[in-house]
Student: 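After the structure tokens below, expect a handful of questions from me.
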Amino acid sequence: MGIGGQAAVAADRVADRGPVELTGPLFIGSEVYRGSSYGVNHPLRVPRVSTVMDLCRALDWLGPGRYRTSPRAKVAALEHWHSPAYLQALLTAEATGEVSAETRARHHLGTLSNPVFPEMFSRPATGAGGVMLAAELLAQSPGAVHVPGGGTHHGLPDRANGFCYLNDPVLAMLAFRRAGVRRLAYIDIDAHHCDGVQHGFAGDAESLLISTHEENRWPMIGGQTLGTLADDGGGNCFNLPVPRGFNDSEMRAVLHELILPRVESFGPEAIILQAGADGVEEDPLARLSLSNNAHIEVLRALRPLAPRFLLLGGGGYNPWTVGRCWSALWATLSGQEIPDRLPKDAQAVLAALHWGGGGRPPPAPQLLTTLLDAPREGPVRPEMRARLAQLALR
């Protein structure tokens, strides 16, 4: 069935689904991520969401009523943000395993960053289906939902971008809007700027976007990095590039001097937290020095500020640190106690992980036996103080 036929059948629905009432924090996952890889030479060759699911099950954190399988978004739902031509190109590429030169040039499919792989539509469509379902559930029944497969914040309406074939944060925000939830605060602590989300919501007076990201790092256009300190996205965006070595103490300063004051004054009906784990020190694609305690601290501080909370994944390319971080975030969101030392079943999940090639060093021993990192405190450097002061003047 082509896009038109699917749209006619699907209308605006994400997928057929059951009861809509939340009775407590909900984890939305899927087996589509298990064994799925962007290819042996790509940073996303490593397992991530499946690791989180396995760790949380080993720790008995996904009990009855706490886990739900993500639906795969139907094309009509994806068309709320993405162009029909692009979606058809994505479907065709998955079906045939190849793209034409024209498709590569127009839609950026089949590139080094956005390769052709067997689940190149079904995997991101599952993430998108999960976050849109989460938005619909939260609109009807306030609470908290974790979708670690979400957070693909670079995707653009007509092309793939930065490992992201779809933009599920934008799709979730649009789903909130269709369900009557208007005031949305989107907080992004990934190591990379949320260029796709800003593209979708820049200048939108009923949304607040705050992004912390490593300075002088992709995304770039014409050699210029996006998300500069001066980029206000038309007034509703706060961009904070942070220096190499960004530490827990500096994230705490950002939290209390930028994020919390702006969110509190905005008064959102829903908060979306993109919790990319690539800012953790061991990640190979960034040069930041956070521990996962920083992510937990941001989550704890933000959760009381809105009746609806959607926690997403995002970047993260070290399989041990990603799995540990997002599992610890789920524990925090759902009120679980994180043990000082993991039980044997959870340690076995971490011990089974590998880089999938690339010659990277083995994990430090503590990454195999614990979820929480040792804190990585440090000075709040003068450039950070100056940037926070500049944003405070707005």
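The first residue of the sequence shown is numbered 1, and numbering continues consecutively from there. In this text the structure is predicted, and so the values were computed from the model without any measurement.
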Student: Indicate, with yes or no, if the rings of Trp218 and His154 have centres closer together than 6.0 Å.
Tutor: yes
Student: Can you find a pair of side-chain heavy atoms, one from Glu98 and one from Val116, that are under 4.5 Å apart?
Tutor: no
Student: Report the C-alpha distance between Arg45 and Tyr38 in whole Å, list the side-chain angles of each, state the deciding distance to 0.1 Å, and finish with yes or no for side-chain contact (heavy atoms from CB on, under 4.5 Å).
Tutor: CA-CA 5 Å; Arg45 65 183 177 271; Tyr38 279 40; over 6 Å; no
Student: Using the side-chain hydrogen bond (donor to acceptor under 3.5 Å, both in side chains) criterion, which residues pair with Thr69? Sequence neighbours excluded.
Tutor: none
Student: On a heavy-atom basis, which atom in Met384 and which in Pro243 lie closest, and how many Å separate them?
Tutor: SD-CD, 3.4 Å
Student: Spell out, yes or no, whether Tyr165 and Val75 are grouped together once hydrophobic residues are joined by side-chain heavy atoms under 4.5 Å, including indirect joins.
Tutor: yes
Student: Quick one: does any side-chain atom of Thr152 pair with a main-chain N or O of Cys164 as donor and acceptor, under 3.5 Å?
Tutor: no
Student: State yes or no: are the ring centers of Tyr317 and Phe163 separated by less than 6.0 Å?
Tutor: yes
Student: Would you say the side-chain atoms of Asp168 pair up with the backbone N or O of Gly127, donor to acceptor, closer than 3.5 Å?
Tutor: no
Student: Which is it for Asn239 and Leu229 under the side-chain contact (heavy atoms from CB on, under 4.5 Å) test, yes or no, and what are the steps along the way?
Tutor: CA-CA 5 Å; Asn239 283 302; Leu229 191 67; over 6 Å; no
Student: Which distance, rounded to the nearest 0.5 Å, do you find between the CG of Leu310 and the CE of Met132?
Tutor: 12.0 Å
Student: When you check the gap from the basic side-chain N to the acidic O, do Arg57 and Asp345 get nearer than 4.0 Å?
Tutor: no
Student: Is there a side-chain contact between His213 and Pro241 (heavy atoms, below 4.5 Å)?
Tutor: yes
Student: Please determine if Arg106 forms a cation-pi arrangement with Tyr86, meaning its NZ or CZ atom is less than 6.0 Å from the six-membered ring centre and no more than 45° off the ring axis.
Tutor: no
Student: Please test Arg66 against Ser334 for side-chain hydrogen bond (donor to acceptor under 3.5 Å, both in side chains), starting from the C-alpha separation and ending with a verdict.
Tutor: CA-CA 9 Å; Arg66 290 289 169 265; Ser334 59; over 6 Å; no
Student: Compare all side-chain heavy atoms of Leu258 with those of Phe238 and state whether any distance is below 4.5 angstrom.
Tutor: yes
Student: Test your reading of the model: is there a side-chain donor-acceptor pair from Trp320 to the backbone of His354, 3.5 Å cut-off?
Tutor: no
Student: Roughly how far, to the nearest 0.5 Å, is the SG atom of Cys194 from the CG atom of Leu209?
Tutor: 5.5 Å
Student: Should side-chain heavy atoms under 4.5 Å link Ile, Leu, Val, Met, Phe, Trp and Tyr, which residues sit in the same cluster as Ile221?
Tutor: Leu226
Student: Looking only at heavy atoms, which two atoms of Pro148 and Trp326 are closest? And how far apart?
Tutor: O-CZ3, 3.6 Å
Student: With the threshold set at 4.0 Å, does a side-chain nitrogen-carboxylate oxygen contact exist between Arg177 and Asp204?
Tutor: yes
Student: Using modelled atom types only, decide if a donor and an acceptor are shared between the side chain of Thr51 and the backbone of Gly323 within a distance under 3.5 Å.
Tutor: no
Student: Would you call Leu311 and Trp330 a side-chain contact if the rule is heavy atoms closer than 4.5 Å?
Tutor: no
Student: Does a side-chain heavy-atom distance below 4.5 Å link Cys56 with Gln336?
Tutor: no
Student: Do Leu208 and Met173 land in one hydrophobic cluster if side-chain heavy atoms of ILVMFWY residues count as linked below 4.5 Å?
Tutor: no
Student: Using the rule that Ile, Leu, Val, Met, Phe, Trp and Tyr join whenever any side-chain heavy atoms are under 4.5 Å apart, tell me whether Val147 and Val322 fall into a single cluster.
Tutor: no
Student: For the side chain of Glu79 and the backbone of Pro84, is there at least one donor-acceptor N/O pair under 3.5 Å apart?
Tutor: no
Student: Without swapping roles, check the side chain of Arg159 against the backbone of His108 for a donor-acceptor pair under 3.5 Å.
Tutor: no
Student: Hey, what do you get for CG (Leu174) to CH2 (Trp81), rounding to the nearest 0.5 Å?
Tutor: 7.5 Å
Student: Let's go through Thr225 and Asn216 carefully: what are the C-alpha distance in whole Å and the side-chain angles of both, what is the deciding distance for side-chain hydrogen bond (donor to acceptor under 3.5 Å, both in side chains) to 0.1 Å, and is it a yes or a no?
Tutor: CA-CA 6 Å; Thr225 56; Asn216 301 321; 4.8 Å; no
Student: Salt bridge or not for Arg287 and Glu214, using N-O below 4.0 Å?
Tutor: no
Student: Are Arg376 and Glu282 ion-paired here, with the side-chain N under 4.0 Å from a carboxylate O?
Tutor: yes
Student: Would you call Arg34-Glu31 a salt bridge at under 4.0 Å N-O?
Tutor: yes
Student: To the nearest 0.5 Å, how far apart are OG1 in Thr212 and CG in Leu288?
Tutor: 8.5 Å
Student: Start with the C-alpha gap between Asn292 and Thr321, add the side-chain angles, then the distance that decides, and say whether side-chain contact (heavy atoms from CB on, under 4.5 Å) holds.
Tutor: CA-CA 8 Å; Asn292 59 25; Thr321 58; over 6 Å; no
Student: Do Asp278 and His192 have side chains that approach each other closer than 4.5 Å (heavy atoms only, starting at C-beta)?
Tutor: yes
Student: Taking all atoms of both residues into account, what is the closest heavy-atom pair of Pro268 and Pro307, and its distance?
Tutor: O-CD, 4.1 Å
Student: Roughly how far apart are Asp188 CG and Leu240 CG, rounded to 0.5 Å?
Tutor: 12.0 Å
Student: Between Thr92 and Val99, is there a side-chain heavy-atom distance shorter than 4.5 Å?
Tutor: no
Student: Please test Asn161 against Asp195 for side-chain hydrogen bond (donor to acceptor under 3.5 Å, both in side chains), starting from the C-alpha separation and ending with a verdict.
Tutor: CA-CA 9 Å; Asn161 187 39; Asp195 54 333; 2.9 Å; yes
Student: Run the salt bridge (Lys or Arg N to Asp or Glu O under 4.0 Å) test on Arg385 and Glu257 for me, step by step, so that the C-alpha distance in whole Å, both residues' side-chain angles and the decisive distance to 0.1 Å come before the verdict.
Tutor: CA-CA 10 Å; Arg385 292 290 188 199; Glu257 297 177 31; 2.9 Å; yes
Student: Treating Ile, Leu, Val, Met, Phe, Trp and Tyr as nodes and any side-chain heavy-atom pair under 4.5 angstrom as an edge, say whether Tyr67 and Leu333 lie in one connected cluster.
Tutor: yes
Student: Does any non-hydrogen side-chain atom of Val145 lie less than 4.5 Å from one of Leu138?
Tutor: yes
Student: Are Leu312 and Leu255 grouped together when hydrophobic residues (ILVMFWY) are joined by side-chain heavy atoms under 4.5 angstrom apart?
Tutor: no
Student: Please answer whether the main-chain N or O of Arg262 pairs with a side-chain N or O of Ser265 as donor and acceptor at a distance below 3.5 Å.
Tutor: yes
Student: With sequence neighbours left out, what residues match Glu94 under salt bridge (charged side-chain N to carboxylate O under 4.0 Å, His left out)?
Tutor: none
Student: Are the side chain of Ser70 and the backbone of Thr126 linked by a donor-acceptor contact shorter than 3.5 Å?
Tutor: yes
Student: Is any side-chain N of the basic residue among Arg252 and Glu297 closer than 4.0 Å to the acidic one's carboxylate O?
Tutor: yes
Student: Does Glu269 offer a backbone N or O that forms a donor-acceptor pair with the side chain of Arg308 under 3.5 Å?
Tutor: yes
Student: Above 12 or not: heavy atoms from other molecules or residues under 6.0 Å from CZ of Arg182?
Tutor: yes
Student: Would you compute the distance between atom CG of Leu350 and atom CG of Leu371 and round it to the nearest 0.5 angstrom?
Tutor: 7.0 Å
Student: Please name the pair of heavy atoms, one in Ser291 and one in Pro375, separated by the smallest distance, quoted to 0.1 Å.
Tutor: OG-CA, 4.0 Å
Student: Under the side-chain contact (heavy atoms from CB on, under 4.5 Å) criterion, do Leu109 and Leu90 qualify, and how do the steps go?
Tutor: CA-CA 8 Å; Leu109 298 173; Leu90 191 56; 3.8 Å; yes
Student: Between Asp231 and Gln198, is the side-chain hydrogen bond (donor to acceptor under 3.5 Å, both in side chains) condition met? List the steps.
Tutor: CA-CA 10 Å; Asp231 179 5; Gln198 182 166 322; 2.9 Å; yes
